[in-house]
Student: 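Right, I'll just put the structure down here and ask away after.
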Amino acid sequence: MREILGRRLQRLRDRFQSLRPDPEQSGGPAALLDAALVCATTWQWPVLPGVGRSGTDGKRCACPDPDCAVPGAHPFDPGLLAATTDPRMVTWWWTNRPAAPVLMATGGTAPCAVSLPAGAAARALVRLDAQGMRLGPVVATPTRWALLVAPYSLERLGELLYAKDHVPSSLRFHGEGGYLLLPPSAASSGGQVRWEREPRAQSAAQRPRARSAQAQAQLSPVQARPGNLWLPEIETVVDALVEASSGASGGGSRLAY
C-alpha cells in the first residue's frame, strides 16, 4: 500500500513539475526582472508575469489547456487584474518565477496597442515615417508587431472602426482589459520579443502644450503626465494600419504573439 501511494505522489509531483515554466525558454532571469521593473517604475505600466512554457515540453504552455492558442504568453496565476506598478510586488513575482514572460495590462492609464502581421507592420511604419508621423514604442515578435498608442475607450474605438468600410481580421486591438507581451520575453510563436522602437522619455520641449486648463485636462493621461513617454492617438495611425493589414496573412481566430 505504501509503495502504491508513493508512486501516486511521485506522479503528482512529476505532473506539477511539468507544468512549471522552463527557465531556458526566454530571456535571462535578470533581464526579465530588470525589464519588468523598468516598465513598472520608469514608465508606470502595470505588469504581471505570464504563465510561461512547460518545463518538460518547451512547445507547450504551462497552463492546463493542451490546445492553448498563445502558449506561455498569457496571464494565468496571477490573473490580469493583479497587474501592478509596485516594485516590491514585481520583484517578488520574478524572484519566485524568474523565467516568467513580462505582460503589460493595457488600457486605463497605461498605453493601449494595435498589432498586425510583421510584414504589414513594417510597411505601415515606412508609410507613417514618410508622412512625418511621430510614433511611439513598437513591440516586435517574429510574426507580429504592436504599435503602442495613447489610451482609448472601447466606445471611442468602436466609433472609429464603424466609420471604416473594412477592418482586416489580422488587425488586433489591445485596449482596456487586454494585455501585451513585452521584451525580452519568449514569443509564443517562437523566438523572442524585442523593441523595434524603444520607449524614450520626451523632453520638456516635446510635451504637449495646452492653451488652457480645460484643454490640458483633455490630454490623455500618458501624454499629460510629466516625465513620461509620448504616445500617438489611435486616430493618427489606424488608417495606415488598416491599409497595410488588408490582404495580409495572419488573420483568423488563433492568436500568434
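These numbers were taken from a predicted model, which means no experiment stands behind them. Side chains included, hydrogens not; waters and symmetry mates left out as well; all remaining heavy atoms used.
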Student: Kindly indicate whether the side chain of Leu231, heavy atoms from C-beta on, has any atom under 4.5 Å from the side chain of Pro137.
Tutor: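 Side chain of Leu231 against side chain of Pro137, heavy atoms only: contact under 4.5 Å found.
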
Student: Compare every heavy atom of Leu103 with every heavy atom of Ala73, then report the nearest pair and how far apart it is.
Tutor: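 Heavy-atom minimum between the residues: O-CD2, 4.1 Å.
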
Student: Would you say Pro151 and Thr109 make side-chain contact, with heavy atoms under 4.5 Å?
Tutor: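 They are not in contact (no side-chain heavy atoms under 4.5 Å apart), so the answer is no.
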
Student: Please find the pair of heavy atoms, one from Thr141 and one from Ala187, that lie closest to each other, and give the distance.
Tutor: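 Residues Thr141 and Ala187, closest heavy atoms: CB-CB, 4.0 Å.
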
Student: Kindly say whether Pro71 contributes a backbone atom to a donor-acceptor pair with the side chain of Arg53 at under 3.5 angstrom?
Tutor: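 Looks like yes, one N/O pair under 3.5 Å.
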
Student: Apply the side-chain contact (heavy atoms from CB on, under 4.5 Å) test between Trp145 and each candidate in Val114, Leu241, Leu125, Val139; give the one that qualifies.
Tutor: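 Among the candidates, only Leu125 passes.
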
Student: Is Arg127 salt-bridged to Asp239, cutoff N-O under 4.0 Å?
Tutor: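 No salt bridge links Arg127 with Asp239.
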
Student: Between Asp65 and Arg60, is a salt bridge (charged side-chain N to carboxylate O under 4.0 Å, His left out) present by the stated rule, with each step listed?
Tutor: CA-CA 9 Å; Asp65 183 2; Arg60 181 173 173 268; over 6 Å; no

Student: Output, in order, the C-alpha distance, side-chain angles, deciding distance and verdict of side chain to side chain contact (heavy atoms under 4.5 Å, CB included) for His74 and Val51.
Tutor: CA-CA 6 Å; His74 65 87; Val51 63; 3.5 Å; yes

Student: Distance check, rounded to the nearest 0.5 Å: Trp43 atom CH2 versus Leu229 atom CG?
Tutor: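 Reported to 0.5 Å precision, the distance equals 5.5 Å.
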
Student: Report yes if some heavy atom in the side chain of Phe173 is under 4.5 Å from a heavy atom in the side chain of Ser115; otherwise report no.
Tutor: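 No; the side chains remain at least 4.5 Å from each other.
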
Student: Supply the atom-to-atom distance Leu81 CG to Leu48 CG, rounded to the nearest 0.5 angstrom.
Tutor: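 Reported to 0.5 Å precision, the distance equals 9.5 Å.
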
Student: How many angstroms lie between SG in Cys63 and CG in Asp77, if you round to the nearest 0.5 Å?
Tutor: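 If I round to the nearest 0.5 Å, the distance is 12.0 Å.
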
Student: Between His174 (side chain) and Tyr179 (backbone), is there a donor-acceptor pair under 3.5 Å?
Tutor: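 Yes, because the side chain of His174 sits within donor-acceptor range (under 3.5 Å) of the backbone of Tyr179.
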
Student: Mind checking whether Leu181 and Leu116 sit in one hydrophobic cluster, side chains of I, L, V, M, F, W, Y counted as touching below 4.5 Å?
Tutor: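 Leu181 does not cluster with Leu116.
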
Student: For Gly178, is there any backbone N or O sitting under 3.5 Å from a side-chain donor or acceptor partner on Thr106?
Tutor: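 Yes; judged by distance alone, with no hydrogens or angles, the pair exists.
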
Student: Out of curiosity, Arg88 CZ to Trp93 CH2, how far, rounded to the nearest 0.5 Å?
Tutor: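 Spacing of CZ (Arg88) from CH2 (Trp93) equals 12.5 Å.
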
Student: Give the minimum heavy-atom separation between Val90 and Ala40, together with the two atoms involved.
Tutor: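 Answer, listing the atom of Val90 first, then Ala40: CG2-CB, 4.1 Å.
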
Student: Just by modelled atom types, is the Ser170 backbone N or O under 3.5 Å from a matching donor or acceptor in the Arg144 side chain?
Tutor: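 The answer is yes, because a donor-acceptor pair under 3.5 Å joins these two groups.
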
Student: Quick check for you: to the nearest 0.5 Å, what is the distance between Ser245 atom OG and His166 atom NE2?
Tutor: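 Going from the OG atom of Ser245 to the NE2 atom of His166 covers 9.0 Å.
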
Student: Between CG of Leu128 and CZ of Arg134, what distance do you get to the nearest 0.5 Å?
Tutor: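 Between Leu128 CG and Arg134 CZ, I get 14.0 Å after rounding to 0.5 Å.
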
Student: Please check if the side chain of Arg97 supplies one atom and the backbone of Gly50 the other of a donor-acceptor pair under 3.5 Å.
Tutor: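 Side chain of Arg97 to backbone of Gly50, a donor-acceptor pair under 3.5 Å: yes, one is there.
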
Student: Considering non-hydrogen atoms only, spot the tightest contact between Leu182 and Cys39 and give its length.
Tutor: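 Taking Leu182 first and Cys39 second, the nearest heavy atoms are CD1-SG, 3.7 Å.
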
Student: Measure across Cys112 and Gly107 and return the closest heavy-atom pair with its distance rounded to 0.1 Å.
Tutor: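 Answer, listing the atom of Cys112 first, then Gly107: SG-CA, 3.7 Å.
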
Student: Are Val238 and Leu135 in one and the same hydrophobic cluster, where Ile, Leu, Val, Met, Phe, Trp and Tyr link if side-chain heavy atoms are under 4.5 Å apart?
Tutor: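 Same hydrophobic cluster.
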
Student: Please check this pair: side chain of Thr236 against backbone of Glu233, looking for a donor-acceptor N/O pair closer than 3.5 Å.
Tutor: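 Here the side-chain-to-backbone pair exists.
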
Student: So, for Ala124 and Ala244, which heavy atoms are closest and what is the spacing to 0.1 Å?
Tutor: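 Taking Ala124 first and Ala244 second, the nearest heavy atoms are CB-CB, 3.8 Å.
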
Student: Main chain of Ala62, side chain of Ser54: is a donor-acceptor contact present, judged purely on distance under 3.5 Å?
Tutor: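 Judged by distance alone, no pair lies under 3.5 Å.
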
Student: Run Thr85 and Trp45 through side chain to side chain contact (heavy atoms under 4.5 Å, CB included) and show every step you take.
Tutor: CA-CA 6 Å; Thr85 58; Trp45 297 347; 5.8 Å; no

Student: Are Trp92 and Leu37 connected, step by step, through hydrophobic side chains (Ile, Leu, Val, Met, Phe, Trp, Tyr) whose heavy atoms are closer than 4.5 Å?
Tutor: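 Hydrophobic grouping puts Trp92 with Leu37.
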
Student: Counting N and O atoms only, with roles assigned by atom type, does the side chain of Thr95 sit under 3.5 Å from a partner on the main chain of Thr91, one being a donor and the other an acceptor?
Tutor: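 Yes.
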
Student: Decide if atom CD of Glu176 counts as having more than 12 heavy atoms of other residues, nucleotides or ligands within a radius under 6.0 Å.
Tutor: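 Count not over threshold, so no.
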
Student: Do Val102 and Ser185 touch side chain to side chain, with heavy atoms closer than 4.5 Å?
Tutor: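 Of all side-chain heavy-atom pairs linking Ser185 with Val102, at least one is under 4.5 Å.
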
Student: Glu235: which residues meet the salt bridge (Lys or Arg N to Asp or Glu O under 4.0 Å) condition with it, sequence neighbours left out?
Tutor: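 For Glu235, the residues satisfying salt bridge (Lys or Arg N to Asp or Glu O under 4.0 Å) (neighbours in sequence not counted) are Arg156.
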
Student: When clusters are formed by joining ILVMFWY residues with side-chain heavy atoms under 4.5 Å apart, either directly or through shared neighbours, do Tyr152 and Val138 land in the same one?
Tutor: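 Yes, one cluster joins them.
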
Student: Check for me, please, whether Leu154 and Val167 land in the same ILVMFWY cluster - side-chain distances under 4.5 Å, paths through other members count.
Tutor: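 No: no chain of side-chain contacts under 4.5 Å links Leu154 to Val167.
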
Student: Name the residue from Pro101, Pro183, Pro142 that meets the side-chain contact (heavy atoms from CB on, under 4.5 Å) definition with Val193.
Tutor: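 So, applying the side-chain contact (heavy atoms from CB on, under 4.5 Å) to Val193 and each of Pro101, Pro183, Pro142, only Pro183 qualifies.
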
Student: Say whether, by atom type as modelled, one donor and one acceptor occur between the side chain of Gln192 and the main chain of Pro184 under 3.5 angstrom.
Tutor: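 Checking the backbone N and O of Pro184 against the side chain of Gln192, a donor-acceptor pair under 3.5 Å is found.
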
